[in-house]
2 protein chains.
Amino acid sequence: MAPYTVLVAVSLSRRLFRQSHFGHRHRRCLHSAVEYPLSHPIYTIWASNTSLGKTLVSAGLSMSFLSSSSAPFSKRRFVYLKPIQTGFPDDSDSSFVYRKFCQFYVSKSLPFSVFASNSVLKASMPAANEVLGNGLLAEGGEFGCGLKNLHWYEERKLQGSESNGVEQFPVSEAVCKTLYAWKEAVSPHLAAEREEAMISDSEVLDLLRRCLDNDTVGNSGSTEEVQVMSVIETAGGVASPGPSGSLQCDLYRPFRLPGILVGDGRLGGISGTISAYESLKLRGYDIAAVVFEDHGLMNEVPLLSYFRNRVPVLVLPSIPKDMSDDLISWFDKSQTVFTSLKEIMLSNFLERTERLHEMPQKSCDAFWWPFTQHKLVPEEKVTVIDSRCGENFSVLKSSDMISQQFDACASWWTQGPDANLQIELARDMGYTAARYGHVMFPENVYEPALKLAELLLEGVGKGWASRVYFSDNGSTAVEIALKMAFRKFLSDHEMLSDHLNSDGNGKCIDLKVLALRGSYHGDTLGAMEAQAPSSYTGFLQQPWYSGRGLFLDPPTVALYEGSWEVSLPQKMQSVISGHGSLSFSSRDEIFKKSRDASGLASLYTSSILQELELLSDCNALSHIGALIVEPVVQGAGGMQMIDPLYQRTLVTECKRRKIPVIFDEVFTGFWRLGRETAAEMLYCEPDIACFAKLMTGGIIPLAATLASEATFEAFTGDSKLKALLHGHSYSAHAMGCAAAVKSIQWFKDCNTNMNLIPESRLLQDLWEAELVARISFLPAVHRVVSLGTLCAIEIQAEGSDAGYASTYASSLLQTLRGDGIYMRPLGNVIYLMCGPCTSRDTCRRLLDKVYARIHEFGLQKENHAACAARVY
Amino acid sequence: MAPYTVLVAVSLSRRLFRQSHFGHRHRRCLHSAVEYPLSHPIYTIWASNTSLGKTLVSAGLSMSFLSSSSAPFSKRRFVYLKPIQTGFPDDSDSSFVYRKFCQFYVSKSLPFSVFASNSVLKASMPAANEVLGNGLLAEGGEFGCGLKNLHWYEERKLQGSESNGVEQFPVSEAVCKTLYAWKEAVSPHLAAEREEAMISDSEVLDLLRRCLDNDTVGNSGSTEEVQVMSVIETAGGVASPGPSGSLQCDLYRPFRLPGILVGDGRLGGISGTISAYESLKLRGYDIAAVVFEDHGLMNEVPLLSYFRNRVPVLVLPSIPKDMSDDLISWFDKSQTVFTSLKEIMLSNFLERTERLHEMPQKSCDAFWWPFTQHKLVPEEKVTVIDSRCGENFSVLKSSDMISQQFDACASWWTQGPDANLQIELARDMGYTAARYGHVMFPENVYEPALKLAELLLEGVGKGWASRVYFSDNGSTAVEIALKMAFRKFLSDHEMLSDHLNSDGNGKCIDLKVLALRGSYHGDTLGAMEAQAPSSYTGFLQQPWYSGRGLFLDPPTVALYEGSWEVSLPQKMQSVISGHGSLSFSSRDEIFKKSRDASGLASLYTSSILQELELLSDCNALSHIGALIVEPVVQGAGGMQMIDPLYQRTLVTECKRRKIPVIFDEVFTGFWRLGRETAAEMLYCEPDIACFAKLMTGGIIPLAATLASEATFEAFTGDSKLKALLHGHSYSAHAMGCAAAVKSIQWFKDCNTNMNLIPESRLLQDLWEAELVARISFLPAVHRVVSLGTLCAIEIQAEGSDAGYASTYASSLLQTLRGDGIYMRPLGNVIYLMCGPCTSRDTCRRLLDKVYARIHEFGLQKENHAACAARVY
C-alpha cells in the first residue's frame with residue numbers, strides 16, 4: 001500500500017458525506033490540537049500575488065490526478081479546499097474547480113466514472129443572502145460571529161466512457177469545498193469587518209482540521225484502497241491578511257503543510273516570486289515546486305539559478321485572454337506540466353513520510369543523547385519532532401499523524417516564545433545572519449551586543465551590575481563567574497601578592513565555594529566542582545571531580561495538602577523549638593522581607609555561622625572564595641524551592657565577610673519564576689550573576705555573566721596577563737544578542753506579554769491557585785511548587801522509585817503525551833513549564849489534564865497496592 | 001554643523017564636474033574596498049514590484065529636499081543615482097527626475113536658484129546608438145564589455161524668483177545620473193545579455209562608490225556648507241536581477257545602505273509589500289519607511305500592524321491615470337507626504353550616525369571583553385562593526401566613512417562563508433527559527449540534528465566514528481571528550497569495579513592526560529586541566545587549576561628563509577645525530593607516510609617511551625587516561641605546526657597501550673588547514689574528536705564530540721547513572737545544526753567552493769608559495785607556516801617583545817587595518833586567515849600588502865636599532 005492511499009468506504013451516502021462535517025464525531029475535537037493525517041499528500045497552494053492562477057493550478061491538478069492511469073489501477077479522491085473566499089458567490093474558486101473538472105472530464109471521455117461535488121459550508125449574511133436569493137439549497141441557522149451555516153451543495157455523477165450507458169458506480173471523486181465565504185471582492189480582513197462576519201484563526205484552523213480529517217476516512221465499514229490528494233488554496237498572496245487580519249502565512253502556520261508556490265511570469269515577477277518564497281521560508285514552510293504562467297520572459301532561468309536547482313520550476317502555457325474561452329484546450333495543453341507537478345508532489349510526499357518513519361531508528365544509531373541511557377530508549381520511544389509553533393511541538397504520532405504537543409518541559413527550561421514572537425525572532429535571525437553573520441567581539445562593538453548589554457544592565461543587573469561578560473551557556477557563565485569571584489576575593493583580602501609563589505602559582509591557598517546541597521550549575525568541571533556530590537558528579541562521570549565546596553543543607557518550602565510549609569534540614573530540626581511557625585497562610589508570606597526579624601532568621605544565621613567556623617577550624621589555609629546559589633528555586637536538583645529567608649541570610653553573612661556572591665539565574669532568570677529575576681524576590685543583590693536559557697527567548701545559545709564594577713576592577717592593570725583570559729569563539733555572537741534583545745523587550749512589554757501586570761514588574765499567576773491546591777491534596781502527590789511559569793509536582797514515591805534515576809512516573813507521562821502534553825520527569829518530580837506569555841487558559845487546560853491523570857495514576861497505584869496486599 | 005552637511009566648493013566648473021567621474025583621483029581606487037561617506041544621508045529606493053512609482057518618490061524627494069526653507073538657510077544638493085536603466089533612452093528615470101524637478105521648480109517660483117543636471121555615464125551599443133542617432137552629445141570610446149562611455153549630459157540653471165532678472169549663482173543643485181543604460185525594456189540581465197553589454201557586480205559597485213564619493217566633496221578650495229541627500233534608485237522589484245543576473249538586493253548588499261521601500265497599495269499589495277520587506281531584511285538591510293500610492297484599500301492598516309508601528313508607512317495620493325497629466329499638481333498635493341518622508345530619512349540618518357559615534361564609549365563602559373586588558377583599550381581603539389558581507393567587515397572609519405576591512409583573523413578562526421553562503425545561511429536561519437526555534441534534544445529527533453549527525457559521520461568521522469555528542473563550543477566539546485576517554489580507559493583497563501570505593505568514588509586512581517606543551521583546549525576548568533601551565537592557566541586566572549597532565553615538548557616545523565625545517569625540543573637535540581635530515585624540499589615531504597621508517601621516527605618513539613616510563617616510575621597509581629592533541633597545528637599556542645610524524649608516533653604508542661586518543665579539531669577542522677580534517681594529514685584515526693568553530697560556517701555556536709562505538713559502549717548499561725550525564729540546554733539546537741549542514745555541504749561541493757580540487761578532497765594552495773617563501777626571507781620574519789586557509793608569520797622578536805602578552809607587532813597591524821585588513825596578533829605572531837572559499841586573487845592581494853608592510857616594518861626597526869646604536 002503506497003503511503004498516500006487510505007482505506008475508505010465504497011458505499012458513500014451523499015447525504016451522510018455532506019453532513020459529516022458537523023457530525024458528532026467531530027464535536028469532541030473542537031479546540032483540540034492542530035493535527036493532520038500523513039496517509040496522503042496534502043499541499044497548500046500559495047501565490048506570490050493575486051490573480052496568478054492558483055485556481056487554474058488546483059483545477060489542473062484535479063484533472064491530472066483523477067485522470068492518470070498509473071497501474072495498479074485504483075480509486076482516487078481529489079479534495080480541493082478553499083478555506084477563505086471573498087467576492088462570493090460571483091467568485092467561487094471551489095465552484096470553478098468543480099465546473100472545470102466536470103467540463104474537462106466530459107471533453108476527454110475518460111473510461112471510469114467520477115463523482116464530483118462542490119459545497120460551501122459557511123458564509124457571511126450578505127453572501128448567504130445572495131445565494132438564498134437565488135433560491136438554492138441552504139441549511140442551518142446562525143453560526144455566531146455573523147457567519148451562517150450555508151451548507152450549499154451541488155454534485156454530479158460523471159459516467160465513464162466504458163459504462164455503455166449502464167449506471168456505473170463512481171470509482172473516483174472530486175470533492176470541492178469552500179469553508180468560509182464573504183460577499184465583497186476585497187481582502188478577507190476587510191470583507192469580514194464590513195460584513196460583520198469575523199472569525200478567529202483558531203476556528204478557521206479547527207474547521208480545516210475537521211475537513212482534512214473527514215476527507216481521509218470513509219463513512220462505513222466496507223473498505224477499498226483509495227488514493228487521495230488534497231490541496232488547500234489560499235486567498236491572494238502569501239502574506240495577504242486572512243479574515244482576522246493575521247497574514248495567511250501566519251494563519252496556516254500551525255499545520256505547516258508543504259506548499260506549491262504559484263509564481264509570476266511577468267516583468268517584475270522574478271522579484272515577487274522570490275520574495276513570496278522567502279516569506280514562506282521565514283515561516284518555516286517547505287515549498288515543493290514553483291509554477292507560473294509563461295509570459296515569454298524566461299523567468300524560470302533566474303529562478304532556477306536562485307534556487308540552485310533545488311526547487312523545481314514549472315512553466316505553464318500562456319493563458320488565453322479571451323474571456324469566452326472555456327480553457328479546456330488550455331488545460332489539455334497544460335496536462336504535461338500538471339502531471340509533472342503532481343508527480344513532484346507525490347514523490348516529495350513519499351520522501352517526507354519515508355524520512356519521518358526512518359528517523360527514530362537512524363537517530364538511535366547516530367546520536368549520543370545527553371543525560372540518556374540509550375539502552376533504555378528503544379526506537380519506538382523516540383519522538384520525531386517535525387516542527388514547533390510557539391509553545392507547541394508538532395510530532396509524528398502513531399506513525400500516520402502529525403499532531404501538536406504542548407512543550408511542557410519548555411525544552412529544558414529554555415522556552416519563552418509564543419507563535420508571534422517565534423515569527424518575529426525568525427525574521428530577526430535572518431536579518432542578523434545577513435547583516436553580521438558572526439563578528440569578532442574583543443575590542444569591537446556592534447549594535448546587537450551593545451543593545452543587549454544596555455538592556456541587561458538596566459534590567460536584570462539594575463542597581464548593582466556594570467559589566468557584561470558573554471559566553472555560550474550556563475556552565476561557561478558559571479566558570480567565568482567563579483574566576484571573577486575568586487579574583488575579587490583574593491584582591492579584597494589582599495591575598496594576591498602574599499600567597500603567590502614566585503612562579504605565579506598560589507598552591508598554598510585552598511579556595512572553596514559556599515554552596516547549597518542540591519544545587520546544579522552545569523557540567524563543565526569548574527561548574528561541577530561548585531556542586532555537592534551527586535549522580536551528576538560521581539567518579540563514573542568525571543574522575544577529576546572532587547567537590548571544592550562547603551555544601552550546606554538548605555531549608556525548603558512547598559505546598560503540602562493545601563498549605564505552604566518550610567521543611568528544615570535535619571541539623572536545624574533539633575533546635576527548632578521557639579523559632580516560630582513553619583507554615584504560611586499564602587505563598588506571598590514566604591517572600592516577605594519582614595521575616596528577617598523572625599526567630600527562624602536567627603536560627604538560619606547561627607546555623608550558617610556554625611558551618612563557617614567549622615571550616616576555618618579544620619584548615620587555616622581554606623577560604624570561602626565565593627558563595628554561589630540558584631536563587632529561590634533549585635532546578636535540576638528536583639525543583640526545590642529554597643526558603644528565601646535562608647538565602648537572604650546567607651547573602652548577608654557573605655557580604656559581611658567580603659565573600660563575593662554569585663547568583664546562578666540560568667534557570668530562574670527572565671520571568672521563569674514570575675519576575676524578571678529571582679534576585680528581586682530575595683531583596684538582595686549579588687556581585688556576579690549568570691544568565692542563559694530564557695535570555696534569548698529559548699531560540700539559540702547565549703549566556704551572560706554580569707558583574708559589579710568592583711569585580712571588574714580586580715582585573716584591570718597594566719598587563720594583559722591580569723585580564724580575565726577566558727573566552728569562547730562566538731562570544732557575544734550577533735544572532736544570540738539580537739534574539740535576546742527581542743525576547744527581553746517582548747517579555748517586559750505589556751503590548752506583547754498579556755500576562756504582565758502593568759507597572760508591577762510581575763507576571764499574573766498562571767497556574768490557578770485553587771487547582772494547584774487541589775493537586776497538592778491528591779494522595780499520589782507529595783508536594784507542589786508553583787511559581788511563575790513553573791508548576792512542579794513531586795509524586796509520592798519511596799526507595800528506588802524516588803530520586804534522579806527513578807522511572808516511577810513514566811507511565812503517567814506517557815499518558816499525558818497522548819493527551820498532547822510533552823513532559824519530562826526529574827525522577828519522581830514532574831512539572832509543567834510554560835512561557836512568560838502563555839495564556840492562563842492554556843495553563844488551565846494543561847493543569848486540568850494533569851490533575852485528572854495524577855488522580856487516575858493514584859488510583860492505579862492504590863489498586864496495585866491493594867492487589868499486592870491480597871496476594872502476599 | 002549637522003552631520004548631513006559637507007563642505008563643498010562654491011565655484012563649480014560644469015565641465016570639471018562632468019568629467020570628474022573618470023578623473024585621475026578615482027583611477028587608483030578601482031578594485032578598492034566598498035565604502036561610502038557618512039557625511040550625509042544616502043538611501044536606496046526599493047520597490048516591491050515594477051511600476052509602483054519609485055521614480056515619482058525620488059522626484060518628490062528632490063522637490064521636498066531642495067525647496068524646504070528650514071533655517072538656517074543653507075545650500076543644498078540632491079543627488080539622484082540610477083545605476084541600472086533599461087528601455088533607454090525612451091525610459092530614463094534620471095531624465096524624468098531632472099525634468100519633473102525643473103517643471104516643479106518653475107511652477108512654484110521658488111526664491112533661490114538651482115542648478116539642475118542630468119547625465120548618463122555608460123550605455124550599451126544599441127542604447128548609445130539611439131542617443132547618437134539623435135545627434136546628442138557623446139564622448140569617449142569603447143569601455144569594454146560592450147558598454148560605451150556615453151557621457152550624455154544636460155543641464156539647466158533655474159533662476160530664483162528673487163533674482164529680478166539678474167543672473168544669480170545657483171545656491172543649490174539637483175544632480176541626476178544614470179550609471180548604466182541598456183536599450184531593451186526588459187529585465188537588466190536579459191538586456192545585458194541580448195545587447196552583449198555585460199557588466200560585473202564589482203564594476204557596478206565601483207562606479208557607484210565613485211559617484212557617491214564624488215557627490216560628497218567639492219572640486220575646488222573655496223568651501224561653504226552644503227546639505228546633501230543622495231538617493232539610489234533600483235530597477236524593478238527588490239529581487240529583480242541586475243545586469244550580471246545577481247538579484248539587486250544581493251548586488252547592492254556590500255554597501256548595505258538604508259532603504260525606502262515603495263510598496264503596493266492595490267489588492268494583493270499588502271502581501272507583495274511585506275514579502276519585499278522580508279527579502280530586504282533577509283539581506284540585512286534597514287528600511288526607514290514604506291510609502292505607497294493610495295488605491296482606497298487602506299493597505300496601511302495591516303502594514304502598520306505587521307510592523308508593530310516600528311516602521312512608518314506613508315500613503316501618497318492616487319496618481320492621475322491620464323497620460324497627458326504632467327503630474328505637477330500631484331507632486332504639489334503630495335508635498336506633505338514627501339516632506340514627512342524626507343524628515344524620516346534625515347532623522348533616521350542622524351540617529352544612526354549618532355549611535356555609531358557613541359558606540360565606542362558605550363562599549364568601553366558596558367562590555368567586559370574576553371582576553372582583553374581594558375586599561376589598554378581606549379575608546380579610540382575600539383572598532384565599530386556596522387556589518388559583515390562574506391569575508392569583509394564594514395567598519396566605521398575615521399568617524400565619517402563606512403569602509404570594508406577583510407576579516408583576516410576570521411573572527412577567532414570561526415569564519416568560512418563568502419557573501420553567497422552568508423545569504424543562504426541567513427535564509428536557512430530564518431527558516432529554521434520559524435520551523436523549530438529550538439526543541440529539546442534527548443530522546444527526540446528532528447531533521448537538522450539528524451542530517452548533521454549523518455554528514456559528520458560520513459565526513460569528518462568517516463571510518464571510525466559512529467556517535468555524535470552535541471554541545472556549544474570547543475571547550476565543552478573537550479570536557480565531554482575527556483569524560484568519554486576516561487570512562488573508556490577505566491573500562492578497557494577494568495578499573496571501574498576494582499578501584500571504586502563503595503560510595504562510587506575512585507579517589508585512589510590518579511588519571512592524567514597526555515598532551516603537548518603549547519596546546520590549547522578551552523577555558524573551562526576541565527579543558528584547562530588538559531593544558532600545560534601557561535598565561536591562560538595561572539593562579540591569577542583560576543586558582544583551581546593544577547595541570548593534570550603529562551605534558552610533552554613536541555618538535556615543530558616551519559618555513560625558515562625559504563626552507564621547511566623541523567625544530568627539535570631541547571631534550572631530543574642531544575641525541576639527534578644519525579637520525580636524518582631536519583630539512584625538507586617541500587611542505588608535502590613533511591606529511592609523507594614514508595617518514596615512519598626514518599631515523600627521526602625512532603627518535604620520537606624512544607623519547608615518548610622514556611616520558612611514559614618516567615611517569616609510571618614516579619607513581620604507580622598515576623595512569624594516562626587519554627591522549628589529547630590538536631592535530632598538525634596548535635592554534636592559540638602561537639600557530640605552531642607540530643611535526644606530523646611526531647603526532648602519528650604518539651597516537652600509535654597510545655593505541656598500543658589502549659589509551660583513548662582525542663583529536664581536538666576545534667581549530668583545525670573543516671578545511672582550516674586545507675583538508676576537511678587535519679587527522680587526514682596524520683594518516684591516523686582518533687577514538688574521539690572535537691569540532692566547533694568552522695562547523696557552522698562561523699555563524700553560530702555549536703560543537704560536536706564524535707566518538708567510536710567502543711567509546712559509546714563504555715556508557716551503556718541498565719542504569720541511567722551509567723549514561724554520560726553531561727548536557728547543555730541547547731544541545732543540538734536546530735539553528736546550529738542547520739547552519740552546519742549548509743556549511744559542511746557548501747565547503748565540500750565543487751559547485752560552491754571553487755577552491756576545491758575536484759575529487760582530491762583538498763583545497764588548492766591559497767597562499768602563493770613563492771610569495772610566502774619571499775616573506776620568510778624578510779629580516780623581520782622569524783618563521784612562516786602556511787597551510788590551507790592559514791598563513792602565520794612569526795615576527796622576529798626577543799625578550800618581552802616575544803610571547804603572548806607582547807604588543808610588538810601592534811604598529812604593523814594598525815597600518816594593515818588602514819589598508820583594509822583586520823588582523824589580530826598572538827603576541828609576536830601575526831596571521832592571515834581566510835575562508836575555505838576565499839578566492840586566490842583575494843589571498844594574493846592580502847599577502848602582497850602584508851609583504852610590503854612587514855618589509856617597511858623591518859626597515860623601521862632597523863633604523864631604530866641603527867639610531868639606538870649611534871646614540872649609545
Side-chain angles (χ1 to χ4, degrees), chain A residues 49-50 237 239-241 268 271 274-276 279 281-284 302 359 363 366 368-373 383 385 387 411-412 414 426 429-431 433-435 440 442 444-446 453 467 469 472-473 479 504-506 511 523-526 538-539 543 701 720 723 726-730 805, chain B residues 49-50 237 239-241 268 271 274-275 279 281-284 302 359 363 366 368-373 383 385 387 411-412 414 426 429-431 433-435 440 442 444-446 453 467 469 472-473 479 504-506 511 523-526 538-539 543 699 701 720 723 726-730 805:
Chain A
N49 209 329
T50 46
S240 291
S271 181
I274 288 174
S275 289
S279 286
K281 295 308 274 186
L282 264 184
R283 276 141 189 104
M359 285 174 83
S363 67
W368 187 340
W369 284 301
F371 293 104
T372 304
Q373 178 49 263
T383 303
I385 302 181
S387 63
S411 283
W412 266 346
T414 59
M429 290 302 90
Y431 166 78
R435 178 165 172 188
M440 186 87 195
N444 294 338
V445 58
Y446 38 95
R467 294 282 162 178
Y469 207 105
D472 297 334
N473 56 42
E479 297 254 352
N505 285 328
L511 282 189
D523 299 327
T524 56
L525 184 59
F539 182 77
K720 181 160 182 182
H726 182 125
H728 301 281
S729 315
Y730 289 89
Chain B
N49 209 329
T50 45
S240 291
S271 182
I274 288 174
S275 289
S279 286
K281 296 308 275 186
L282 265 184
R283 277 143 188 102
M359 285 173 82
S363 66
W368 187 340
W369 284 303
F371 293 102
T372 303
Q373 178 49 262
T383 302
I385 302 181
S387 64
S411 284
W412 265 347
T414 58
M429 291 301 90
Y431 166 78
R435 178 165 173 188
M440 186 85 193
N444 294 338
V445 58
Y446 38 95
R467 293 283 163 178
Y469 207 104
D472 297 334
N473 56 43
E479 297 253 352
N505 284 328
L511 282 189
D523 299 327
T524 56
L525 183 60
F539 183 77
I699 206 159
K720 182 161 182 183
H726 182 126
H728 301 281
S729 315
Y730 289 90

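In the text below, chain A, chain B and the rest are named by the order of the sequence lines, each starting its count at 1.
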Next on the checklist: Under a plain distance cut-off of 3.5 Å, with no hydrogens placed, do A/Ser275 and B/Ser275 share a side-chain donor-acceptor pair?
Outcome noted: no
Checklist entry - Can you find a pair of side-chain heavy atoms, one from A/Thr414 and one from B/Tyr730, that are under 4.5 Å apart? => result yes
Item to check | Largest heavy-atom contact set with chain B, pairs under 4.5 Å, which of A/Ser271, A/Gly284, A/Ser387 | outcome: A/Ser271
Item to check | Engaged part of A/Asn444 at the chain B interface, taking heavy atoms whose separation is under 4.5 Å | outcome: both
Checklist entry - What heavy-atom pair brings A/Gln373 and B/Lys720 nearest, and what distance separates the two atoms? => result CB-CA, 3.8 Å
Checklist entry - If we only count heavy atoms from C-beta on, is the B/Glu479 to A/Leu525 side-chain gap below 4.5 Å? => result yes
Item to check | Option that, when pairs with chain B are counted at under 4.5 Å, heavy atom only, ranks first among A/Asn49, A/Thr372, A/Thr50, A/Leu282 | outcome: A/Leu282
Next on the checklist: Tell me the closest heavy-atom pair linking A/Met359 and B/Tyr446, and the distance in Å.
Outcome noted: CE-C, 3.4 Å
Checklist entry - Which heavy atom of A/Pro543 sits nearest a heavy atom of B/Leu511, and at what distance? => result CG-CD1, 3.8 Å
Next on the checklist: Assess, by modelled atom type and distance only, whether the side chains of A/Thr524 and B/Thr524 contain a donor and an acceptor separated by less than 3.5 Å.
Outcome noted: no
Checklist entry - What part of B/Pro302 is in contact with chain A, defined as an atom under 4.5 angstrom from a non-hydrogen atom: side chain, backbone, both or neither? => result side chain
Checklist outcome for this item: Highest number of heavy-atom pairs under 4.5 Å with chain B among A/Ala276, A/Pro241, A/Ser279, A/Pro701 belongs to A/Pro701
